[in-house]
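Working notes, beginning with the structure itself.
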Amino acid sequence: MEQDNGNKLYTFLIYSENIAGLLSQISAVFTRRQVNIETLNVCASSTPGVHKYTVTAFCDEEMAKMLTKQMEKKIDVLKANYFTDDQIFINETCLFKLSTPVMLENPQVCSIVRLYGARIVEVNPTYATVEKTGMTGDILSLFNALNVIGCVLQFVRSGRIAITKSKIEHLDEYLAEREKSRQEME
Amino acid sequence: MAEKITGAEAMMRALEHEGVETLFGYPGGAIMPTYDALYDHKKTLNHVLVRHEQGAVHAAQGYARVSGKVGCAIVTSGPGATNTVTGVADAMMDSTPMVVICGQVGVAMLGTDAFQEVDVVGVTQPISKWSYQIRRAEDVAWAVSRAFYIAKSGRPGPVVLDFAKNAQTGMVEYEPASVGFIRSYNPYPEIKKAAVVEAAKMINDSVKPFALLGQGVELGGASDEVKELLEKAQIPFGTTFLGLSDMPSDHPLNMGILGMHGNLGPNVMTNQCDLLIAIGMRFDDRVTGNLATYAKQAKVIHFDIDASEFNKNVKIDLAIHGDCKASIPAVTELVSEAKHDAWIASFKPYAEKEYNKVINKAINPTKGPLLMGEVVRKVSEAANNEAIMVTDVGQNQLFACRYFKFTKPRSVVTSGGIGTMGFGLPAAIGATFGAPDRTVCVFCGDGGFQMTIQELGTIMEQGAPVKIILLNNNFLGNVRQWQEMFFHRRYSFTPMDNPDYELIAKGYRIPVKTVVERADLDAAIKEMLATPGPFLLQCAIKEEDNVLPMTPPGANVDEMLLE
Ligand SMILES: Cc1ncc(C[n+]2csc(CCOP(=O)(O)OP(=O)(O)O)c2C)c(N)n1
């Protein structure tokens with residue numbers, strides 16, 4: 001994705017030790033350089049004790065590089081890298097709470113839901129819950145389609161999550177290298 | 001099983017384990033258990049009671065800068081901790097190793113707006129290298145060891161330990177810890193051989209090489225290594241303010257100071273060299289001026305231990321990431337001996353021009369009121385150019401950096417990155433503890449002196465041999481200069497009514513002398529240096545004098561105003 005000013009949407013994958021206070025340190029790196037965070041997801045990674053942050057933001061490549069270096073400078077950050085959309089598998093998810101009475105008056109709602117591959121999770125006389133997984137564009141277009149009908153009571157979209165397409169696991173390599181130097185020191 | 005002791009006692013033992021000898025501090029409620037433990041360690045941990053917590057951190061900074069050791073400050077929670085914030089930010093910008101321990105309310109009260117509770121970790125995280133809350137006595141040994149390791153390794157910086165009261169009073173079986181490895185932190189990255197080879201090639205191919213030395217050279221203890229490289233390939237160099245004592249001032253390859261109030265030659269030649277070799281410096285905007293025209297003709301090699309400095313301000317052609325103490329000798333080995341006589345000689349006309357138009361007038365005036373430049377040079381020479389120069393901020397700082405001369409390493413203590421007025425006096429106190437065998441001279445303006453003037457009490461109590469040179473111009477001089485040059489002489493709140501500094505010094509029982517006449521200057525300086533202990537030398541300085549040359553803010557590095 002590219003903006004008018006030539007800024008691209010970069011996805012930052014950041015790994016840190018599980019130590020309190022890192023989220024604010026990581027987000028402060030973006031704010032200090034006046035880069036707005038578009039989405040943010042934090043969770044435990046597949047490596048025990050390591051947290052993974054998935055952050056998206058619009059900037060140029062030089063800035064992306066600078067941001068990753070400044071994040072890596074934080075003592076408990078293990079690794080930070082930036083990616084363009086072609087280098088990663090991406091997903092997002094969203095939830096809708098739709099008004100059942102409005103849906104009954106507008107039967108096209110159900111066909112829209114089906115058309116977008118969304119899933120109805122629960123229906124009761126007051127509301128229906130719908131979920132969809134996909135790319136930002138799809139999700140927003142589904143939202144717009146439903147919103148004009150006036151049936152949306154609540155809508156929430158998750159931050160992007162991503163895994164790399166690369167055949168190399170940079171974090172594992174880094175951890176192995178660090179483990180080697182630790183052993184050498186002993 | 002180890003005996004059980006309190007977390008506060010564990011803190012004392014952990015500090016001793018780290019080799020701490022001097023602490024600068026101020027007690028208060030939330031740190032009282034630790035002060036109580038300190039009472040039994042007075043023989044090994046010399047605690048210097050300051051008069052304001054800002055004084056404690058600046059003193060710790062001065063101590064660290066001259067000794068190369070980690071400076072240590074200890075304060076109470078809330079206002080005690082927030083009073084240290086300026087010093088923490090200053091140490092971060094100027095890469096000064098320091099550990100600040102502040103008291104905190106007990107964990108049960110955290111987040112309840114308890115008396116003297118401040119979110120110190122939240123406040124200091126963005127301005128420190130590491131900030132950590134110790135919540136249990138069991139964590140003291142680990143946290144202290146990790147703090148000192150982080151503060152001093154790699155690119156040094158300040159660490160804040162927020163010490164909860166229950167962790168001070170809780171009991172623990174203390175075992176000393178020695179953190180020497182952190183998985184996520186690699187302070188001494190392996191130097192890439194290919195980059196070293198490439199650097200040597202670039203230097204060998206260069207006809208007009210020019211080196212920029214920053215404090216990183218001194219922090220890396222690499223003055224000898226850098227000197228060897230520069231001498232082998234005959235590379236002229238300039239230094240930043242913080243790098244002033246990297247090399248002797250009179251070294252034949254030393255072309256002077258870089259930046260806004262530096263010397264003409266090195267600034268002009270930055271835009272004429274064909275290779276810029278930056279070592280342990282960070283291309284601050286006060287050094288580069290307008291980036292769009294900065295050294296565009298040159299290739300740039302950057303040696304730094306902090307990867308986030310590469311390409312931050314100036315686009316570089318080659319980065320050498322790592323400790324310059326290791327990388328520089330590797331490059332030196334591959335560099336051919338060379339001569340650049342014509343290139344080196346080409347700096348000379350600029351030096352002469354600056355001498356005739358600026359320097360001579362600044363250090364050798366014959367009439368009119370005293371000038372800062374002459375006082376600084378006279379003090380420097382009277383101390384054999386071997387003293388430690390501490391400065392406050394403002395014209396006093398710029399004149400001191402320009403005209404003080406250096407023959408020994410670790411001789412500059414000045415607030416470079418954030419320019420903290422009030423830094424000088426307490427930093428000088430710290431310097432006397434960090435280098436007890438050396439003469440410590442601090443140059444202050446009448447504005448900055450009053451920002452931490454209460455530390456005269458610390459000087460009195462400790463008998464700290466601080467030689468204070470108060471350059472009194474009755475103005476906030478540096479701001480007044482900018483008002484004169486860029487704001488149509490509208491002196492908005494820069495003239496200042498001054499107190500009787502002699503009376504103040506006498507109140508603190510500090511020997512004092514005021515010099516008004518040029519003829520009395522030499523004798524007064526002699527008296528100051530000959531008097532054991534502290535001394536205040538007040539000099540009545542020309543009121544409206546300007547620091548020149550000057551690159552106006554945003555101008556090109558080679559566009560220096562000489563008058
Ligand atoms: C804490 C702080 N406040 C304000 C400033 C802005 N400032 C920079 S220099 C200066 C004037 C300093 O005046 P003085 O201490 O008398 O020294 P002089 O320039 O006259 O040598 C001021 C106000 C600063 N650097 N630090």
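Each chain gets a letter, A, B and so on, in the order the sequences are listed, and its residues count up from 1. No experiment lies behind these values; they were computed from the predicted model shown.
- The side-chain heavy atoms of B:Asn311 and A:Met66, taken from C-beta on, include no pair separated by under 4.5 Å.
- The two residues A:Arg178 and B:Ile182 make their nearest non-hydrogen contact at NH2-O, 2.9 Å.
- For the pair A:Leu78 and B:Ser184, the minimum side-chain heavy-atom distance is below 4.5 Å.
- Contact check for B:Lys312 versus A:Lys69: no side-chain heavy atoms found under the 4.5 Å cut-off.
- The number of heavy atoms from other shown groups lying within 6.0 Å of NZ (A:Lys165) is above 12.
- A:Gln34 CD: 12 or fewer foreign heavy atoms inside a 6.0 Å radius.
- Shown here is A:Asp86, whose CG atom has more than 12 heavy atoms of other residues, nucleotides or ligands within 6.0 Å.
- Environment of CD in B:Glu190: sparse, with no more than 12 heavy atoms of neighbouring residues, nucleotides or ligands closer than 6.0 Å.
- Within a 6.0 Å sphere centred on CG of B:Asp113, other residues, nucleotides and ligands contribute 12 heavy atoms or fewer.
- Counting heavy atoms of neighbouring residues, nucleotides and ligands inside a 6.0 Å radius, atom CD of A:Gln183 exceeds 12 of them.
- The CD1 atom of A:Ile75 sits 11.5 Å away from the OG atom of B:Ser131 when rounded to the nearest 0.5 Å.
- Heavy atoms of other residues, nucleotides or ligands lying less than 6.0 angstrom from NZ of B:Lys193 number 12 at most.
- Rounding to the nearest 0.5 Å gives a distance of 12.5 Å between CZ of B:Phe310 and NZ of A:Lys65.
- In this structure, no portion of B:Tyr132 lies under 4.5 Å from any heavy atom of chain A.
- Of all the listed residues (A:Arg32, A:Glu72, A:Glu62), the one sharing the greatest number of non-hydrogen pairs under 4.5 Å with chain B is A:Glu62.
- Contact annotation for B:Asn186: both backbone and side-chain heavy atoms come within less than 4.5 Å of a heavy atom of chain A.
- B:Tyr185 approaches A:Tyr174 most closely through the heavy-atom pair N-OH, 4.1 Å.
- Ranked by non-hydrogen atom pairs under 4.5 Å with chain A, the options B:Gly180, B:Ala307, B:Gly122 are led by B:Ala307.
- Heavy-atom neighbours of A:Met63 CE from other residues, nucleotides or ligands within 6.0 Å: above the threshold of 12.
- Contact detail for A:Lys73 and B:Ser308: the closest heavy-atom pair is CD-OG, 3.3 Å.
- With contacts defined as side-chain heavy-atom distances shorter than 4.5 Å, the pair B:Arg183/A:Glu17 qualifies.
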